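The next block holds one structure in the form of structure tokens; read it before the comments.
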Amino acid sequence: MNIILLGPPGAGKGTQARMLVEERGMVQLSTGDMLREAKDSGTEMGKIVADVMARGALVTDEIVIGLIKEKLETVKANGFIFDGFPRTLAQADALGDLLATMNETLDAVIEMRVDDEALVARIVARSTCAGCGEVYNDNTKPIPADGVCTNCGQSKEFKRRADDNEESLKTRLMEYYKQTSPLIGYYYAKDSLSRVDGLGDIEAVQAEIKVALDA
Ligand code: AMP
């Protein structure tokens, strides 16, 4: 089964993708993670995308489609979860073509809906464990008092994303509405779309996604 998690920044796509990986043995393909990795390891491509990402703008279709193509060609998986990809209509078309050449199908597109005020509040308060990627929130799920991640029980390091600030968040939201939200109609017309309420707690959202996937 191959699925897309679609939603604005802060909707909880990464958190839900990680749970699906644990539960169903699927592989998460996050273009944001791939680009951050390229940036941190200082590759040529990483240098090109660093400034674009810091501003919250979109990296070119050519780069992200190339990243996804390479993964699809090299990683064996019991299904892929596309997280943060596609973000434009050109990327959606390219994904359809790539899956078709592999004789694979796109089985579901889950739109995670969250209102904008909640998104901003979530994003400016979020941090992640440097070890396992567990997401914390200053208000709803603070970093434990002993400073040790409750998920992996090992890491004492927590990171905030450089682009999780109000300025670049405005750009990221604008890009979402201009370039990514048309994908909701695109996948609706292809009969692939399911909607879940991304505002509930993590388990409630997880349950809604399960219903959508097992329908
Ligand atoms: P994310 O971790 O998904 O929020 O992505 C972080 C940043 O990486 C975005 O704000 C974009 O600058 C870039 N990015 C990630 N995925 C894509 C994509 N599919 N298309 C264009 N840019 C992307």
Side-chain angles (χ1 to χ4, degrees), residues 3-20 28 30-33 35-36 49 51-59 64 81-89 91-92 108-130 132-145 149-151 158-188 192-213:
I3 67 171
I4 294 173
L5 294 181
L6 186 63
K13 301 184 294 292
T15 301
Q16 292 299 329
R18 268 193 302 282
M19 296 175 101
L20 288 167
Q28 176 188 10
S30 156
T31 39
D33 286 349
L35 292 165
R36 274 185 290 278
V49 300
D51 173 59
V52 179
M53 291 176 76
R55 281 189 288 115
L58 290 190
V59 170
V64 288
I81 306 159
F82 297 96
D83 160 13
F85 178 92
R87 263 176 154 98
T88 65
L89 289 166
Q91 292 176 24
V109 178
I110 311 276
E111 183 202 350
M112 300 179 65
R113 311 189 91 177
V114 181
D115 76 55
D116 294 337
E117 276 177 36
L119 288 178
V120 178
R122 263 193 197 180
I123 286 193
V124 295
R126 88 174 161 184
S127 56
T128 54
C129 167
C132 69
E134 182 75 357
V135 181
Y136 290 87
N137 178 293
D138 297 342
N139 308 313
T140 56
K141 187 182 167 192
I143 293 167
C149 174
T150 42
N151 185 52
F158 300 88
K159 298 189 295 192
R160 282 187 197 268
R161 277 173 48 168
D163 59 349
D164 275 354
N165 60 71
E166 287 200 42
E167 196 50 40
S168 78
L169 182 55
K170 270 188 215 145
T171 310
R172 286 156 71 197
L173 271 180
M174 187 62 82
E175 293 288 19
Y176 179 77
Y177 287 115
K178 272 166 53 184
Q179 310 228 49
T180 309
S181 64
L183 298 185
I184 295 167
Y186 175 100
Y187 286 117
Y188 175 79
S192 310
L193 193 73
S194 302
R195 294 193 164 110
V196 302
D197 174 8
L199 258 189
D201 60 35
I202 290 173
E203 288 73 24
V205 179
Q206 188 185 11
E208 273 198 61
I209 291 178
K210 186 174 163 38
V211 170
L213 293 185

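Since we're looking at a predicted model, the values are computed, not measured.
- Between atom CG of residue Asp115 and atom CG of residue Asp197 there is a gap of 9.5 Å, rounded to the nearest 0.5 Å.
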Task: Criterion salt bridge (Lys or Arg N to Asp or Glu O under 4.0 Å) on Asp201 and Lys141, from CA distance to verdict - done: CA-CA 11 Å; Asp201 60 35; Lys141 187 182 167 192; over 6 Å; no
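- Taking both residues in full, the closest heavy atoms of Phe158 and Ile143 are given as CE1-CG2, 3.5 Å, listed atom of the first, atom of the second, then distance.
- Contact check on Arg172 versus Asp164 returns a salt bridge, with a Lys/Arg side-chain nitrogen under 4.0 Å from an Asp/Glu carboxylate oxygen.
- Across all non-hydrogen atoms, the minimal contact from Val196 to Glu208 is CA-OE1, 3.3 Å.
- Atom OH of Tyr188 is surrounded by 12 or fewer heavy atoms from other residues, nucleotides or ligands within 6.0 Å.
- For Val124, the side chain to side chain contact (heavy atoms under 4.5 Å, CB included) partners at least two apart in sequence or on another chain are Glu166.
- Inter-residue side-chain proximity for Tyr176 and Ser181 is flagged as met; some heavy-atom pair is nearer than 4.5 Å.
- Asp138 is listed as a side-chain neighbour of Arg160, based on a closest heavy-atom distance under 4.5 Å.
- Annotation: side chain of Ile4 is in contact with side chain of Tyr187 (closest heavy-atom distance under 4.5 Å).
- In terms of the salt bridge (Lys or Arg N to Asp or Glu O under 4.0 Å) criterion, Lys178 has no residue partners (sequence neighbours excluded).
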Task: Stepwise salt bridge (Lys or Arg N to Asp or Glu O under 4.0 Å) check, Glu175 with Arg55 - done: CA-CA 11 Å; Glu175 293 288 19; Arg55 281 189 288 115; over 6 Å; no
